[in-house]
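Some notes on the structure that comes next.
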Amino acid sequence: MTTQLSVYADPQAEAAGAVSAVVASLPLSFRPAVSAADVTAVAGHAGWTDRASAAIRNGAKGVVVSAPAAEDTAGLVAAADTAGSVVVLDLQWAGNPALDSTRENVHGAIATALEGAVLLDSVAIAAPGTDPLHVLTDQLAVLVQCGIEVRNVRMVQRNGNGYTVAGTTADGVPVALQGILTSALPATASLTILTSTGRADVVLPDPAAAWPAEVRTVTTEGATTLPTLYESSHRTSWSRVHSHISSGVPANDLAQFTAVMSILSQLTS
């Protein structure tokens, strides 16, 4: 029998993660609460690690952080470890269910392409006015979720319309990251791994609805589009926090976000 957990979200968290809609769509797993709850939703703007830590100290078994900004997570990691609480990051694109660690076909396709990669290219699209650092944080989270280690990161150019970042993989393959702020295209992130004989492409949609990600590979044997999964990042994040709390299996979200922060630190070192 599924254990129903109570959920509390303040207005900022609700706006950032569509919490009410997600909770309503998972009625066997969650129910709303007006104050202290099993799971607390936290908006990911500046100071989110302190707010998440406070929720844990107030007794939350789990915290879901929507759209976390770049921030040091050391204090939150310590608080979560001490209390045995679960922290799940509801990330813009990296939280897409297509990139879940259980999706072996997707991660297998990416790993195979990386073995023969000659170039890795990623483009992130966001609305004008979005903080470019936030876009880059979300973009790097996709690479980390895909198991791609990026080194020697440097900012090539940055202006009001976006940025270009260059780097290499651990194997020395060139990496190009572009962030584009425009209202002409939907908020998506793409990852392309080019090989000498083909390519692998991952396109991740905005998590506002259950639009599917697209994963496609091209090899000497032909083109393959992996099965479509209609599910939103938001629902996936909430399903994960319930699963982690119920099973007692720790989440690795903060460890992966620490890896993202490590990459970002290369731009300021």
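Count residues from 1 along the sequence.
- For Arg51 (side chain) and Ala46 (main-chain N/O), a donor-acceptor pair under 3.5 Å exists by modelled atom type.
- Partners of Ala127 by side chain to side chain contact (heavy atoms under 4.5 Å, CB included), not counting sequence neighbours, listed by chain and number: Thr130.
- Taking a 4.5 Å side-chain heavy-atom cut-off between Ile, Leu, Val, Met, Phe, Trp and Tyr, the cluster of Val88 extends to Leu5, Val7, Val19, Val22, Val23, Leu26, Phe30, Val39, Val64, Val86, Trp238, Val241, Ile245.
- When the salt bridge (charged side-chain N to carboxylate O under 4.0 Å, His left out) test is applied to Glu214, no partner is found at least two apart in sequence or on another chain.
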**OP:** Go through Asn96 and Leu229 one step at a time and tell me if the side chain to side chain contact (heavy atoms under 4.5 Å, CB included) criterion holds.
**Re:** CA-CA 10 Å; Asn96 190 284; Leu229 182 61; over 6 Å; no

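- Here the side chain of Ser85 pairs a donor or acceptor atom with the backbone of Ala60 at under 3.5 angstrom.
- One N or O on the side chain of Glu71 and one on the backbone of Gly47 form a donor-acceptor pair closer than 3.5 Å.
- Contact annotation: the side chain of Ile263 approaches that of Val144 to within less than 4.5 Å [non-hydrogen atoms, C-beta and beyond].
- Side chain of Glu14 to main chain of Ser20: a donor-acceptor pair is present (N/O by atom type, distance under 3.5 Å, no hydrogens or angles).
- With sequence neighbours left out, the side-chain hydrogen bond (donor to acceptor under 3.5 Å, both in side chains) criterion links Gln139 to Ser122, Tyr163.
- Residues forming a salt bridge (charged side-chain N to carboxylate O under 4.0 Å, His left out) with Arg103 (at least two apart in sequence, or on another chain): none.
- Annotation for Val123: hydrophobic cluster partners, listed by chain and number, are Ile125, Ile180, Leu185 (ILVMFWY side-chain heavy atoms under 4.5 Å, direct or chained).
- Note on residues 43-98: pairs passing ring pair (Phe, Tyr, Trp, His ring centres under 6.0 Å), not counting sequence neighbours, are Trp48-Phe257.
- Between the side chain of Ser6 and the backbone N or O of Asp38, at least one donor-acceptor pair lies under 3.5 Å.
- Within the 4.5 Å cutoff, side-chain heavy atoms of Leu177 are placed close to those of Leu140.
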**OP:** Show your working on side chain to side chain contact (heavy atoms under 4.5 Å, CB included) between Asp253 and Val87 and close with a plain yes or no.
**Re:** CA-CA 7 Å; Asp253 295 47; Val87 179; 5.7 Å; no

**OP:** Could you check Gln178 against Asp121 for side chain to side chain contact (heavy atoms under 4.5 Å, CB included), going step by step and ending with a plain yes or no?
**Re:** CA-CA 8 Å; Gln178 291 87 37; Asp121 182 72; 3.1 Å; yes

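- Asp10 meets the side-chain hydrogen bond (donor to acceptor under 3.5 Å, both in side chains) test with no other residue; sequence neighbours excluded.
- Side-chain atoms of His107 come within 3.5 Å of backbone atoms of Asp100 as a donor-acceptor pair (strictly under, hydrogens ignored).
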Original post:
When you look at Asp131 and Thr137, which way does the side chain to side chain contact (heavy atoms under 4.5 Å, CB included) test go after all the steps?
Top reply: CA-CA 10 Å; Asp131 181 356; Thr137 301; over 6 Å; no

With a 3.5 Å cut-off and sequence neighbours excluded, list the donor-acceptor pairs that the side chains of residues 200-211 form with protein atoms.
from   : atom 1 : to     : atom 2 : distance (Å)
Asp201 : OD1    : Thr192 : OG1    : 2.8
Asp201 : OD1    : Arg199 : NE     : 3.4
Asp201 : OD1    : Arg199 : NH2    : 3.0
Asp201 : OD2    : Arg199 : NE     : 2.8
Asp206 : OD1    : Ala208 : N      : 2.7

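- A donor and an acceptor atom, one from each side chain of Thr258 and Thr73, are located under 3.5 Å apart.
- Gln157 pairs by the side-chain hydrogen bond (donor to acceptor under 3.5 Å, both in side chains) definition with Asn159, Thr164, not counting sequence neighbours.
- Checked by atom type and distance alone, the side chain of Glu149 never pairs as donor or acceptor with a backbone atom of Ala170 at under 3.5 Å.
- Side-chain contacts under 4.5 Å among hydrophobic residues (ILVMFWY), followed directly or transitively, place Leu119 together with Val118, Leu194.
- The closest donor-acceptor contact from the side chain of Ser247 to the backbone of Ser243 lies under 3.5 Å.
- For Gln4 (side chain) and Pro27 (main-chain N/O), a donor-acceptor pair under 3.5 Å exists by modelled atom type.
- Under the 3.5 Å distance criterion, the side-chain polar atoms of Ser53 are matched with a main-chain donor or acceptor of Thr49.
- A search for salt bridge (charged side-chain N to carboxylate O under 4.0 Å, His left out) contacts involving Asp138 returns nothing, not counting sequence neighbours.
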